[in-house]
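Single-structure report; data block below.
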Amino acid sequence: MNLISELRWRGMIQDIKPGTEEQLQKEMTTAYIGFDPTADSLHVGNLVPIMLLVHLQRAGHKPLALVGGATGMVGDPSFKAEERKMLDEATLLHNQQSIKAQLERFLDFDQAKPNYAEMVNNYDWFKGISFLSFIRDVGKHITVNYMMAKDSVKKRLEGDSGMSFTEFSYQMIQGYDFYHLYNTMNCKMQMGGSDQWGNIVTGTELVRRIGGGEAYAFTCPLIKKKDGTKFGKSESGNIWLDPAKTTPYQFYQFWLNADDEDAESYIRIFTFIDEPAVNSLIAEHRQDQSKRVLQKRLAQEVTTFIHGEAEYEAALKTTESLFSKNAGVDVLKTMSEEQLLQTLTGVDVKEVPAAALTEQKDVVTFLAEAGIFPSKGEARKLIQGGGMSMNGQKITAVDQKITEESLLNGKNILFQKGKKNYYLVRFI
RNA sequence: GGGCAGGUUCCAGAGUGGCCAAAUGGGGCGGACUGUAAAUCCGCUGUCUUUCGACUUCACAGGUUCGAAUCCUGUCCUGCCCA
């Protein structure tokens with residue numbers, strides 16, 4: 001399958017340099033995408049670049065994942081309102097290693113394959129370059145006028161917070177990455193989100209002006225939610241790929257909660273389901289949206305891709321027991337503690353000393369001490385707002401006591417904060 | 001280096017001596033409705049606190065005043081213009 005036409009029907013092509021498609025058809029092409037080491041795990045926002053690399057490799061080309069050790073020290077100003085805080089070197093190093101470990105699970109690094117994936121870190125080549133040699137050998141080839149004409153830069157120039165020279169330099173640094181990879185690894189193509197287009201084109205310009213070579217690129221539209229809010233966040237923050245940060249159950253829930261409209265584009269972007277199958281799923285979805293056919297399939301595919309089959313099954317089981325109408329909490333009551341814990345895999349567990357039971361604490365104090373709320377004030381506020389349930393029953397009084405009678409099966413209490421946040425309290 | 005305009009709570013943005021924990025909008029959270037959706041409506045949104053209230057905030061440091069986000073002095077930072 002032709003990579004570009006595959007990505008095109010999925011709605012994953014925004015800008016594309018002329019000749020890119022021809023290049024891909026002509027020969028096995030090496031292409032790269034950069035990842036920012038801003039945290040020690042990738043999150044769902046990074047999923048699009050990952051998908052691009054996977055598609056690339058499946059189409060027989062060679063993917064490079066670049067971890068931005070150097071660029072991470074500078075910070076991309078593209079379309080951001082303000083300069084971001086800098087990370088220290090130790091943190092960056094730690095983050096790079098964690099990200100590398102994650103990426104290794106999605107791409108095929110088997111060197112026996114002609115198009116095996118590779119990982120590079122731009123810090124490796126930047127650490128040896130002096131400022132003087134850089135501005136002389138590289139800076140010479142790009143005019144400031146050219147750099148300032150970029151939309152990403154213009155926005156900051158027009159804003160009222162200014163832009164430091166450090167940030168302004170960013171596109172040169174990233175551009176040089178491309179040039180470097182072109183020279184050392186015969187990498188002829190770069191991909192990225194559409195906010196990267198400006199930076200990417202600076203790279204192709206450097207390849208052309210310094211080396212006289214031809215480089216290609218395309219970008220993927222940024223994922224937007226229908227309501228315009230940022231993709232990849234939930235009430236509790238980022239959705240991480242690291243199961244220690246976001247449990248597979250929570251991860252599954254994130255996708256299951258996709259908006260009806262968004263689900264139609266997500267299923268194309270975040271799964272590998274082929275076009276006819278996607279079309280029939282969408283048709284089925286439109287017939288009766290309340291069944292959430294798309295969301296369920298989407299959540300299944302993505303969870304399986306990231307966490308594996310077994311974790312998906314567990315997440316599904318947890319979801320069914322917590323949200324299904326006919327099962328619900330009543331079923332949980334009949335379970336042993338072991339069954340309960342197994343059923344509720346991925347739900348936040350809070351451990352509380354068993355002594356707390358005999359002290360007849362009121363819910364507010366109890367919840368604050370159990371760590372479900374940061375303070376009594378917040379616990380009270382939410383309870384008064386009617387947003388807190390215990391074992392499936394709404395808590396109506398702030399002075400309700402927690403005693404042994406509150407126990408679900410003699411051992412635990414299941415709390416529900418808001419509509420979708422569950423906490424299992426275990427007494428130890 | 002000179003001139004001008006600014007720095008307010010998550011964001012935008014009012015407030016220019018007491019009625020200010022600070023309008024309004026956005027965002028976030030919660031509730032009702034529903035399909036664990038969207039739209040709509042309602043509530044909460046500095047921290048702690050059962051109520052009263054206490055404490056910390058309007059760039060930073062001092063000062064004037066019974067009382068300052070608001071006035072004065074200095075410092076730092078930003079934008080625009082000039083050099």
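Residue numbers begin at 1 in each chain, while the letters A, B, ... track the order of the sequences.
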Counting only side-chain nitrogens and oxygens, does [X] get under 4.0 Å of the OP1 or OP2 atom of [N]?
X	N	result
Lys420(A)	A37(B)	yes
Lys394(A)	A32(B)	yes
Asn421(A)	G30(B)	yes

### Nearest heavy atoms of Met388(A) and Phe415(A), plus distance in Å
CE-CB, 3.7 Å
### Message
Would the base of U36(B) count as contacting Gln295(A) through its side chain, where contact means a donor and an acceptor less than 3.5 Å apart?
### Response
no
### Task
Have a look at Lys296(A) and say if it touches a base, only the backbone sugar-phosphate, or nothing, with a 4.0 Å heavy-atom cut-off.
nothing
### Message
Over all strands shown, is Glu261(A) touching base, sugar-phosphate only, or nothing at heavy-atom distances under 4.0 angstrom?
### Response
nothing
For nucleotides [N] and [M], find the distance between their [atom1] atoms and express it as a whole number of Å.
N	M	atom1	value
G74(B)	U51(B)	C1'	45 Å
A32(B)	U70(B)	P	44 Å
C72(B)	U24(B)	P	29 Å
G3(B)	G27(B)	C1'	39 Å
C41(B)	A5(B)	P	43 Å
U34(B)	G25(B)	C1'	28 Å
C11(B)	G28(B)	C1'	11 Å
C60(B)	C77(B)	P	15 Å

### Task
Give every residue pair that meets the salt bridge (charged side-chain N to carboxylate O under 4.0 Å, His left out) criterion with at least one member in residues 290-309 of chain A, sequence neighbours excluded.
Arg297(A)-Glu301(A)
### Message
I need the full list of salt bridge (charged side-chain N to carboxylate O under 4.0 Å, His left out) pairs touching residues 339-352 of chain A, with sequence neighbours left out, sorted by first then second residue.
### Response
Glu351(A)-Arg426(A)
When both hydrogen-bonding distances must be under 3.5 Å and the geometry is Watson-Crick or G-U wobble, what is [N] paired with, if anything?
N	result
A12(B)	U24(B)
U64(B)	none
U40(B)	A32(B)
C19(B)	none
C4(B)	G79(B)

Would you mind reading off the distance between [X] atom [atom1] and [N] atom [atom2], rounded to a whole angstrom?
X	N	atom1	atom2	answer
Lys419(A)	G30(B)	NZ	P	9 Å
Glu369(A)	C48(B)	CD	C1'	15 Å
Asn257(A)	U36(B)	CG	P	10 Å
Leu294(A)	U36(B)	CG	P	17 Å
Trp255(A)	A37(B)	CH2	C1'	16 Å
Phe373(A)	U45(B)	CZ	P	15 Å
Arg297(A)	A37(B)	CZ	P	23 Å
Gln253(A)	A37(B)	CD	C1'	13 Å

### Query
5'-most contact on RNA chain B: His285(A) or Glu378(A), nearest heavy atom basis?
His285(A)
### Task
Mind running side-chain hydrogen bond (donor to acceptor under 3.5 Å, both in side chains) on Thr38(A) and Asp36(A) for me, showing each step along the way?
CA-CA 6 Å; Thr38(A) 42; Asp36(A) 247 3; 5.1 Å; no
### Query
Do NZ/NE/NH1/NH2 and the carboxylate oxygens of Asp260(A) and Arg286(A) come within less than 4.0 Å?
no
### Task
Applying side chain to side chain donor-acceptor pair (under 3.5 Å), name anything that partners Gln250(A), two or more places apart in sequence or on another chain.
Thr247(A)
### Query
Heavy atom of residues 379-389 of chain A under 4.0 Å from RNA chain B: which residues?
Arg380(A), Lys381(A), Leu382(A), Gly385(A), Gly386(A), Gly387(A)
### Query
What residues, two or more places apart in sequence or in another chain, satisfy side-chain contact (heavy atoms from CB on, under 4.5 Å) together with Lys419(A)?
none
Out of [options], whichever nucleotide has its closest atom nearest the side chain of [X]:
X	options	answer
Lys376(A)	U50(B), U36(B), G31(B)	U50(B)
Ser375(A)	U36(B), C48(B), A32(B)	C48(B)
Asp259(A)	U47(B), U36(B), A37(B)	A37(B)

### Query
Going from OH on Tyr179(A) to CD on Glu205(A), what distance comes out if it is rounded to the nearest 0.5 angstrom?
14.0 Å
#### Entry: Cation-pi, Phe305(A) ring and Arg105(A) (6.0 angstrom, 45 degrees)
no
Please table the atom pairs, donor to acceptor, closer than 3.5 Å between any side-chain atom in residues 363-380 of chain A and protein atoms at least two apart or in another chain.
{"residue": "Thr365(A)", "atom": "OG1", "partner": "Asp362(A)", "partner atom": "OD1", "Å": "2.7"}
{"residue": "Thr365(A)", "atom": "OG1", "partner": "Asp362(A)", "partner atom": "OD2", "Å": "3.1"}
{"residue": "Glu369(A)", "atom": "OE1", "partner": "Lys361(A)", "partner atom": "NZ", "Å": "2.9"}
{"residue": "Ser375(A)", "atom": "OG", "partner": "Gly377(A)", "partner atom": "N", "Å": "3.4"}
{"residue": "Ser375(A)", "atom": "OG", "partner": "Glu378(A)", "partner atom": "N", "Å": "3.3"}

